[in-house]
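First the structure, in the form of structure tokens, and then the observations on it.
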Amino acid sequence: MTISYIQIHPANIQIRRADWGKDQADLANMRRRVFIEEQHVPEELEWDEFDDTATHFIASIDNRAIASARLKPDGQIGRMAVLAEYRHQGVGSRLLYFVLQSAASLGLKQVYLHAQLAALSFYEKQGFKSQGDIFYEADIPHKKMQLKI
Ligand SMILES: CC(C)(COP(=O)(O)OP(=O)(O)OC[C@H]1O[C@@H](n2cnc3c(N)ncnc32)[C@H](O)[C@@H]1OP(=O)(O)O)[C@@H](O)C(=O)NCCC(=O)NCCS
């Protein structure tokens, strides 16, 4: 995939809690592009029953949604996705930091996630530690990671 990167100014990134009811089209569009089209995750694995109860997050720039994440009530962070053309400019890190702050404000003491091996260093930079063996989800190798907050 050839990516034409779009340069952004970090000060212009806006991050907020999303509403699955109102923001579903934007969230689903980003996840479709990143997980289904780019990473070939099957549709039936991407859409699950947890979206209804999770807290969702959107990062946007000039009112354009460019990144998504969700936090399940049990503390699992997932569906971290930055549109390809906006990567490597700190959007993912800022979004993850915002999710961690929200998790703390919700009273969670620890969060965890299933990290794709390719993204381990991204999460390590925010203090996550990996544990256990490699396992596969959607044919992609993962490791469990956790962080006390
Ligand atoms: C992983 C992802 C969310 C990172 O978002 P991003 O906005 O590019 O991340 P940042 O710019 O904040 O990167 C922060 C650091 O993490 C590291 N990093 C970023 N993306 C990485 C990747 N794909 N693999 C390994 N390290 C990565 C970089 O070293 C970067 O540090 P640097 O800026 O000092 O070089 C993004 O690449 C993405 O959406 N990937 C596709 C979907 C995906 O794999 N999601 C994770 C599922 S577990």
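Note that the structure is predicted; figures quoted are calculated from it, not measured.
Sorted by first and then second residue, the ring-ring contact (aromatic ring centres under 6.0 Å, His included) pairs involving residues 102-127 (not counting sequence neighbours) are His114-Phe135, Tyr123-Phe128. Contacts classified as salt bridge (Lys or Arg N to Asp or Glu O under 4.0 Å) and involving residues 44-66 (residues at least two apart or in different chains) are given here: Arg31-Glu46, Arg31-Asp51, Glu46-Arg79, Asp48-Arg70, Asp48-Arg79, Asp51-Arg70, Arg64-Glu85. The ring-ring contact (aromatic ring centres under 6.0 Å, His included) pairs that include a residue from residues 12-46 are Trp20-His56, where partners are two or more places apart or lie in different chains. The list of salt bridge (Lys or Arg N to Asp or Glu O under 4.0 Å) pairs with a residue in residues 118-133, not counting sequence neighbours, is empty.
When side chains are defined from C-beta on, Gln126 does not count as touching Leu147, because their heavy atoms never get closer than 4.5 Å. Between Gln76 and Leu71, every side-chain heavy-atom pair lies at or beyond the 4.5 Å cut-off. Counting heavy atoms from C-beta on, the side chains of Lys143 and Leu120 come closer than 4.5 Å. At least one side-chain heavy atom of Leu108 sits less than 4.5 Å from a side-chain heavy atom of Ile149. At least one side-chain heavy atom of Ile140 sits under 4.5 Å from a side-chain heavy atom of Val41.
A search for side-chain hydrogen bond (donor to acceptor under 3.5 Å, both in side chains) contacts involving Gln39 returns Gln116, not counting sequence neighbours. In this structure Lys148 satisfies the side-chain hydrogen bond (donor to acceptor under 3.5 Å, both in side chains) test together with Gln110, sequence neighbours excluded. The side-chain contact (heavy atoms from CB on, under 4.5 Å) search around Gln101 returns Tyr97, not counting sequence neighbours. Every side-chain contact (heavy atoms from CB on, under 4.5 Å) that Pro73 has, sequence neighbours left out, goes to Thr53. Partners of Lys144 under the side-chain hydrogen bond (donor to acceptor under 3.5 Å, both in side chains) rule, at least two apart in sequence or in another chain, do not exist in this structure.
Pairing each heavy atom of Ile58 with each of Ala65, the nearest pair is CG2-CB, 4.1 Å. What you find for Ala69 and Leu95 is that their closest heavy atoms are CB-CD2, 4.0 Å. Residues Leu27 and Ala18 approach most closely at CD1-CB, 4.1 Å, considering heavy atoms. Pairing each heavy atom of Ala115 with each of Met145, the nearest pair is CB-SD, 3.5 Å. Residues Met30 and Ala67 come closest through the heavy atom pair SD-N, 3.1 Å.
Residues Ile3 and Ile61 do not share a hydrophobic cluster, defined by chaining ILVMFWY side chains whose heavy atoms lie under 4.5 Å apart. Ile6 and Leu83 fall within a single hydrophobic cluster, where Ile, Leu, Val, Met, Phe, Trp and Tyr side chains are chained together by heavy-atom contacts under 4.5 Å.
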Which donor-acceptor pairs under 3.5 Å do the side chains of residues 7-16 make with protein atoms, sequence neighbours left out?
residue	atom	partner	partner atom	Å
His9	ND1	Ala11	N	3.1
Arg16	NH1	Asp23	OD2	3.0
Arg16	NH2	Asp23	OD1	3.1

task = Evaluate side chain to side chain contact (heavy atoms under 4.5 Å, CB included) for Val34 paired with Val82, printing each intermediate quantity in order.
result = CA-CA 8 Å; Val34 172; Val82 177; over 6 Å; no
request  = Before giving the answer on side chain to side chain contact (heavy atoms under 4.5 Å, CB included), spell out for Asn29 and Arg33 the whole-Å C-alpha distance, their side-chain angles and the decisive distance to 0.1 Å.
outcome  = CA-CA 6 Å; Asn29 175 53; Arg33 281 184 56 188; 4.2 Å; yes
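Note that OH of Tyr86 is 10.5 Å distant from OG of Ser60, once rounded to the nearest 0.5 Å. Atom CD of Gln146 is separated from atom OG of Ser130 by 10.0 Å, given to the nearest 0.5 angstrom.
The side-chain contact (heavy atoms from CB on, under 4.5 Å) test with Phe57 is passed by exactly one of Val99, Leu96, Ile77: Val99.
Hydrophobic cluster of Ile36: the remaining members, joined at side-chain heavy-atom separations below 4.5 Å, are Trp47, listed by chain and number.
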